[in-house]
Amino acid sequence: MALRSARVLPVAIAVLLAASCGGSSTGTPAAAGTPAASTTARPGGPGSIIYTTQAGLDEYSLKSHTSKPLVRPDNKDTFLLDPAVSPDGTLIAYVSQPPPKTQGNTYDAGSDLWVANRDGSNPHAVFVHAVPNQLVRAPQWEDEAHILAIVQELTTARGVTNVTYTLERIDAASGQRTNLLTDVVAFGLSPDHKRVVYARLAQQGGETLVAVDLAGGAPATLVDATANLAPFNSPRYSPDGKAIAFASADQTGARANVTYVSSRSLGPAGRPALDGLPEDIWTVPASGGTPRRVADIKEDLPALAWSGDGKHIYVLGANALYDVNLATGAIDKLGPGSFHGQLAWTP
């Protein structure tokens with residue numbers, strides 16, 4: 001399989017393993033659990049976090065430090081991923097990953113784009129994958145009527161399988177799709193929704209972090225492959241648009257002594273399944289520059305979201321839900337994590 005396929009497929013494979021392995025101790029995600037209620041004040045400010053669990057989408061209140069179910073799939077073996085709240089706060093977009101199925105000689109492990117009301121009511125499909133194994137991932141609202149998402153497709157030629165990653169605009173009412181950018185493996189929108197930052201595989205190996213206006217123009221490289229950071233997961237603009245946060249593994253010398261991280265529930269104690277390199281949380285100026293590590297957490301594919309005031313970054317990893325206080329550098333664990341989970345902050 002070509003190099004490009006290695007970037008997003010592991011996430012889908014992990015989800016499929018969870019769907020097919022049931023209660024096996026070697027294949028299921030970490031128990032997402034419910035962040036425990038706290039009787040003492042915690043940092044974080046107002047608002048809520050919508051995050052993925054093994055059961056569906058849950059909502060965690062940063063005021064009461066309690067959580068509640070928000071959206072549940074019709075099928076218990078279906079996973080809900082990648083929550084995103086519309087700019088007016090009335091809708092939630094998310095990905096539905098149904099259990100894989102085989103029809104004849106065709107195996108299908110595709111995913112679909114769904115939308116529900118902010119309170120979780122009226123869930124409905126917006127785009128159902130059109131071909132087997134087509135994956136839609138990482139939706140984000142461009143405006144109240146349009147959703148941007150990465151559509152991943154497999155192609156095979158002369159016995160070689162390649163993966164294409166296309167950033168598309170999807171009409172939330174009709175499901176009509178428009179191609180915007182190619183080779184986008186992770187992305188985030190600027191606060192004014194006019195510019196996109198995205199991770200792109202570099203020709204010489206590794207990844208680069210790039211930004212470009214959605215209206216067109218020349219892309220600007222913010223972090224190049226010489227920074228030895230890869231992959232660039234969950235790039236997100238700060239609320240004021242001046243900085244970009246992302247999760248990444250420091251690859252400097254990593255090949256000399258590779259230490260993988262994974263959910264503690266995978267495999268026997270002391271022998272975790274080889275999954276991903278340990279990732280930390282970084283920020284870089286929106287105009288580019290030297291990345292700065294703001295949270296040393298060594299997590300497995302963590303996802304992140306800024307607080308509304310830009311003073312905190314919330315991180316969902318396999319082992320915990322974290323609150324990173326950018327002013328003090330403190331890292332507070334709000335509750336259990338979710339294996340390869342995602343999250344969104346909302347007022």
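Along the sequence shown, the residues carry numbers beginning at 1.
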Is there a donor-acceptor contact under 3.5 Å from the side chain of [X] to the main chain of [Y]?
X: Asp213; Y: Ala215; answer: no
X: His340; Y: Ser338; answer: no
X: His312; Y: Trp306; answer: no
X: Asn117; Y: Gly120; answer: no
X: Arg236; Y: Phe187; answer: yes
X: Thr283; Y: Ala245; answer: no
X: Thr208; Y: Val210; answer: no
X: His193; Y: Trp141; answer: yes
X: Thr53; Y: Leu57; answer: no
X: Glu168; Y: Ala149; answer: no

Salt bridge Arg72-Asp58, side-chain N to carboxylate O under 4.0 Å: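 Looking at Asp58 together with Arg72, the answer is yes, because their closest N to O distance falls below 4.0 Å.
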Pairing of Arg293 and Asp280 as salt bridge, 4.0 angstrom limit: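 Yes.
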From CA spacing to verdict: side chain to side chain contact (heavy atoms under 4.5 Å, CB included), Leu343, Ile50: CA-CA 5 Å; Leu343 76 166; Ile50 298 174; over 6 Å; no
Pairs flagged by side-chain hydrogen bond (donor to acceptor under 3.5 Å, both in side chains) wherever residues 223-232 is involved - sequence neighbours left out: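 As it turns out, the side-chain hydrogen bond (donor to acceptor under 3.5 Å, both in side chains) pairs with a partner in residues 223-232, which skip direct neighbours, are Asp224-Thr226.
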Consider only side-chain heavy atoms of I, L, V, M, F, W and Y, link residues closer than 4.5 Å, and tell whether [X] and [Y] are in one cluster.
X: Val128; Y: Val151; result: no
X: Trp114; Y: Ile92; result: yes
X: Val315; Y: Leu62; result: no
X: Tyr51; Y: Trp345; result: yes
X: Val196; Y: Val185; result: yes

Do [X] and [Y] have side chains that get closer than 4.5 Å, going by heavy atoms?
X: Thr182; Y: Tyr165; value: no
X: Ile331; Y: Asp323; value: no
X: Ile150; Y: Thr166; value: no
X: Leu304; Y: Tyr322; value: no
X: Gln97; Y: Arg137; value: no
X: Asp112; Y: Phe127; value: no
X: Leu209; Y: Thr221; value: no
X: Pro87; Y: Glu144; value: yes

Over all heavy atoms of both residues, which pair between [X] and [Y] is shortest? Give the atoms and the distance, please.
X: Arg195; Y: Ala220; value: NH2-CB, 3.9 Å
X: Phe232; Y: Glu207; value: N-OE1, 2.9 Å
X: Asn233; Y: Pro302; value: CB-O, 4.2 Å
X: Ala186; Y: Ser234; value: CB-N, 4.4 Å
X: Val223; Y: Gly289; value: CG2-O, 4.5 Å
X: Ala138; Y: Asp82; value: N-OD2, 2.9 Å

Criterion side chain to side chain contact (heavy atoms under 4.5 Å, CB included) on Leu135 and Asn133, from CA distance to verdict: CA-CA 6 Å; Leu135 293 173; Asn133 301 309; over 6 Å; no
Test side chain to side chain contact (heavy atoms under 4.5 Å, CB included) applied to Leu321 and Tyr60, step by step: CA-CA 10 Å; Leu321 173 65; Tyr60 176 80; 4.2 Å; yes
Parallel, tilted or perpendicular: rings of Phe246 and Trp282 (30°, 60°):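 Trp282 vs Phe246 ring planes: parallel.
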Pair Leu167-Tyr198, side chain to side chain contact (heavy atoms under 4.5 Å, CB included): steps then yes or no: CA-CA 10 Å; Leu167 181 65; Tyr198 63 100; over 6 Å; no
For Thr178, side chain to side chain contact (heavy atoms under 4.5 Å, CB included) partners two or more places apart: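 Only Arg169 meet the side chain to side chain contact (heavy atoms under 4.5 Å, CB included) criterion with Thr178.
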Atom pair CD1/CD of Ile281 and Glu279 - distance to nearest 0.5 Å: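 It comes to 7.5 Å.
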Residues Glu59 and Ser48: side-chain donor-acceptor under 3.5 angstrom: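 Yes - a donor-acceptor pair under 3.5 Å links their side chains.
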